[in-house]
There are 2 protein chains.
Amino acid sequence: MATARVEARRAATRTAILEAAWALAREEGLGGIGMRELAGSLGMAASSLYGYFDGKDAIYDAMFIEGNRALRERSLTLPTDLGTRDTLVATARAFIEFCDEDHPRFQLLFQHSIPGWEPSPEAYASAVENFEQMRRQLAQLGITNDESIDLWTALTSGLASQQVANDPEGDRWLRLVEQAVDMYIGREKP
Amino acid sequence: MATARVEARRAATRTAILEAAWALAREEGLGGIGMRELAGSLGMAASSLYGYFDGKDAIYDAMFIEGNRALRERSLTLPTDLGTRDTLVATARAFIEFCDEDHPRFQLLFQHSIPGWEPSPEAYASAVENFEQMRRQLAQLGITNDESIDLWTALTSGLASQQVANDPEGDRWLRLVEQAVDMYIGREKP
DNA sequence: GTCTATATTTGGATAGAC
DNA sequence: GTCTATCCAAATATAGAC
């Protein structure tokens, strides 16, 4: 039966819609995504989008999940045989670069930036999954203490948010990563 | 002449409008501020607001300036005779508490959270002024290096954003302040 | 599945009387 | 200064023909 082909075509269109949505967000900001404009950039009518997504919020949801998956896959490509210090450096650097290379994605994933929208439970689960992955990666480096983990998230998210907000396209905070990691692993010594 | 009285009344109304805007933002989020709703909460017509502000963006601008002034004044009440370590602890703690006690204010001041709005040059100047004040305060503690300052802003803003986003009403990141400061001032030692 | 046409809502802003 | 009455634009979403 042709169901598989139909399904594949449908999935391809969904992917194309999401890609266009990201492109639009990069041009005009997350809030600038409109159903007409989005559909127009694909050469289709706004009403056709509703055959693929339940509405605008569903599109944000799909983008949220996609963004989290991209981060998860990025994290999995990191080397793990560098020793604690260099692994942390690579991890932090990858995270900041991930945030800085796509600001709308950063805002969608980590800031509550869209008035009236919050991720659905399923979408939120993808964020939790990422957090758990980070937890496991830190655990492999011997970092299991809750406070140590919280301090790590504060440090990396602080570097990322400063980089994104105050020096996009630059590296003013990115280049502080080594210093930050050395500070982090050297803590609690007198 | 009555001009002074008139002017005072006008200023009072402006203040009342801003206060109502903050209240509305706390209830429904920054994006939830509408001219009708804002005016309604004050018992006036939406069109009357335009006698006091040029429009919605001007209201955001005034809120931005007011928020920055509140932060500046808060910073000036901090003790300065505690020694470097405890002064930094007090400073960081005050900053995180400032952010956590009013989330819309935090979003307005530190995140680009309103689609289509950015502070006017005058409003932005109030943010720059605060940054310069922080610079001076750090300088008094002997911290003048640009990278050290950037690392400090990353650390404190990271703690604040994690606290606000992931544990509002709690103190999960707030209570890491001492650890974070000790880590910060102990850095660069082998 | 995709289109055109349109319903519906919302929100900022203005006109003009009082 | 404040109101009522609108205007205007943008945006989501739906109906129904093809």
Side-chain angles (χ1 to χ4, degrees), chain A residues 1-18 20-21 24-25 27-64 104 108 113-118 120, chain B residues 1-18 20-21 23-25 27-64 104 108 113-120:
Chain A
M1 49 191 170
T3 306
R5 276 247 293 280
V6 169
E7 196 57 37
R9 177 99 188 89
R10 193 180 151 77
T13 306
R14 276 181 62 105
T15 300
I17 291 170
L18 291 178
L24 211 54
E27 283 170 23
E28 314 191 21
L30 264 184
I33 298 179
M35 298 300 269
R36 290 169 212 275
E37 207 175 354
L38 174 56
S41 75
L42 287 158
M44 57 196 298
S47 57
S48 300
L49 294 174
Y50 291 85
Y52 298 93
F53 293 97
D54 278 344
K56 198 182 182 181
D57 286 359
I59 293 178
Y60 282 137
D61 252 41
M63 293 171 77
F64 185 88
L108 181 66
S113 184
I114 300 177
W117 178 81
E118 55 179 17
S120 67
Chain B
M1 48 191 174
T3 306
R5 277 245 293 280
V6 168
E7 196 58 35
R9 177 101 188 86
R10 195 182 150 77
T13 304
R14 275 182 62 106
T15 301
I17 291 171
L18 291 179
L24 211 55
E27 284 171 23
E28 315 191 21
L30 265 183
I33 298 178
M35 297 300 271
R36 289 169 213 274
E37 206 176 353
L38 173 56
S41 75
L42 287 158
M44 56 197 298
S47 57
S48 301
L49 294 174
Y50 291 85
Y52 299 94
F53 293 97
D54 279 343
K56 197 183 183 183
D57 286 359
I59 293 178
Y60 282 136
D61 252 40
M63 294 171 77
F64 186 87
L108 181 66
S113 186
I114 299 176
W117 178 80
E118 53 179 19
S120 67

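Predicted model only: the values in this text are computed from it and were never measured. By convention in this document, chain letters (A, B, ...) are assigned in the order of the sequence lines, proteins followed by strands, and residues within each chain are numbered from 1.
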Visitor: Report, as a single string ordered 5' to 3', how protein heavy atoms within less than 4.0 Å touch nucleotides 4-9 of chain D: B base, S sugar-phosphate only, - not at all.
Guide: B-----

Visitor: Using a cut-off of 4.0 Å on non-hydrogen atoms, how would the nucleic acid contact of Leu38(A) be classed: base, sugar-phosphate, or nothing?
Guide: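 The residue Leu38(A) makes no contact with any strand.
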
Visitor: Specify the separation, in whole Å, of atom OH of Tyr50(B) and atom P of dT14(C).
Guide: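 Result: 7 Å.
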
Visitor: With sequence neighbours excluded, tell me which residues meet side-chain hydrogen bond (donor to acceptor under 3.5 Å, both in side chains) with Ser120(A).
Guide: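 Ser120(A) satisfies side-chain hydrogen bond (donor to acceptor under 3.5 Å, both in side chains) with Asp61(A) only.
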
Visitor: Near DNA chain D, under 4.0 Å by heavy atom, which residues of residues 9-17 of chain B?
Guide: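 Per residue number, the list is empty: none.
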
Visitor: Minimum heavy-atom separation for Pro104(A) to Ala25(A), with atom names?
Guide: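 Where Pro104(A) meets Ala25(A) most closely, the heavy atoms are CG-O, 3.4 Å.
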
Visitor: For DNA chain C, which residues in residues 56-64 of chain B have a heavy atom at a distance below 4.0 Å?
Guide: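 Residues of residues 56-64 of chain B under 4.0 Å from DNA chain C: Lys56(B).
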
Visitor: Output a table of donor-acceptor pairs, distance under 3.5 Å, between side-chain atoms of residues 8-17 of chain B and any protein atom two or more places apart or on a different chain; print 'none' if there are none.
Guide:
residue  : atom : partner  : partner atom : Å
Arg10(B) : NH1  : Gly51(B) : O            : 2.9
Arg10(B) : NH2  : Gly51(B) : O            : 3.2
Thr13(B) : OG1  : Arg9(B)  : O            : 3.1
Arg14(B) : NH1  : Tyr52(B) : O            : 2.9
Thr15(B) : OG1  : Ala11(B) : O            : 3.0

Visitor: What pairs with Tyr60(A) under ring-ring contact (aromatic ring centres under 6.0 Å, His included), at least two apart in sequence or on another chain?
Guide: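 With neighbours one apart ignored, the set is Trp117(A).
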
Visitor: What pair of heavy atoms forms the shortest contact from Leu18(B) to Ala62(B), and how long is it?
Guide: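 Distance-wise, the nearest heavy atoms are CD2-CB, 3.8 Å.
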
Visitor: Identify the heavy atoms of Ala46(B) and Arg36(B) that sit nearest to each other, and give their distance.
Guide: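 So the minimum-distance heavy-atom pair works out to CB-CA, 3.9 Å.
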
Visitor: Looking at every non-hydrogen atom in both residues, tell me the closest pair between Ala21(A) and Leu38(A) and how far apart they are.
Guide: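 It is N-CD1, 3.5 Å.
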
Visitor: Within this structure, what is the CG-to-C1' distance between Leu49(A) and dT4(C), rounded to whole angstrom?
Guide: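 Whole-Å distance recorded here is 15 Å.
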
Visitor: Looking at every heavy atom in both Ile114(B) and Leu108(B), which two are closest together, and how far apart are they?
Guide: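 What the structure gives for the nearest pair is CD1-CD1, 3.8 Å.
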
Visitor: Distance check needed: dG1(D) C1' versus Met44(B) CE, whole Å only.
Guide: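 These atoms are roughly 9 Å apart.
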
Visitor: Does Ile59(A) reach the side chain of Met35(A), with side-chain heavy atoms less than 4.5 Å apart?
Guide: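 Answer yes - side chains close enough.
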
Visitor: Rounded to whole Å, how long is the line connecting atom CZ of Phe53(B) with atom P of dT2(D)?
Guide: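 The distance from CZ of Phe53(B) to P of dT2(D) comes to 13 Å, rounded to the nearest Å.
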
Visitor: Please work out if Gly43(A) contacts a base, only the sugar-phosphate, or nothing of the nucleic acid, heavy-atom cut-off 4.0 Å.
Guide: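 Since only primed, P, OP1 and OP2 atoms lie under 4.0 Å of Gly43(A), the category is sugar-phosphate.
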
Visitor: Expressed as a whole number of angstroms, how long is the span from Leu24(A):CG to dA11(D):C1'?
Guide: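 For the pair Leu24(A) CG and dA11(D) C1', the rounded distance is 14 Å.
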
Visitor: Need one value for Tyr52(B): base, sugar-phosphate or nothing, where a base atom within 4.0 Å counts as base even if backbone is also close, heavy atoms only.
Guide: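 The answer is sugar-phosphate, as Tyr52(B) gets under 4.0 Å only of primed atoms, P, OP1 or OP2.
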
Visitor: Without decimals, in angstroms, what is the distance between Met35(B) CE and dC3(D) C1'?
Guide: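 After rounding, the reported distance stands at 16 Å.
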
Visitor: If you take all heavy atoms of Met63(B) and Ile33(B), which pair is closest and at what distance?
Guide: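 Here Met63(B) and Ile33(B) meet closest at CE-CD1, 4.1 Å.
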
Visitor: Over all strands shown, is Gly34(A) touching base, sugar-phosphate only, or nothing at heavy-atom distances under 4.0 angstrom?
Guide: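 Sugar-phosphate only.
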
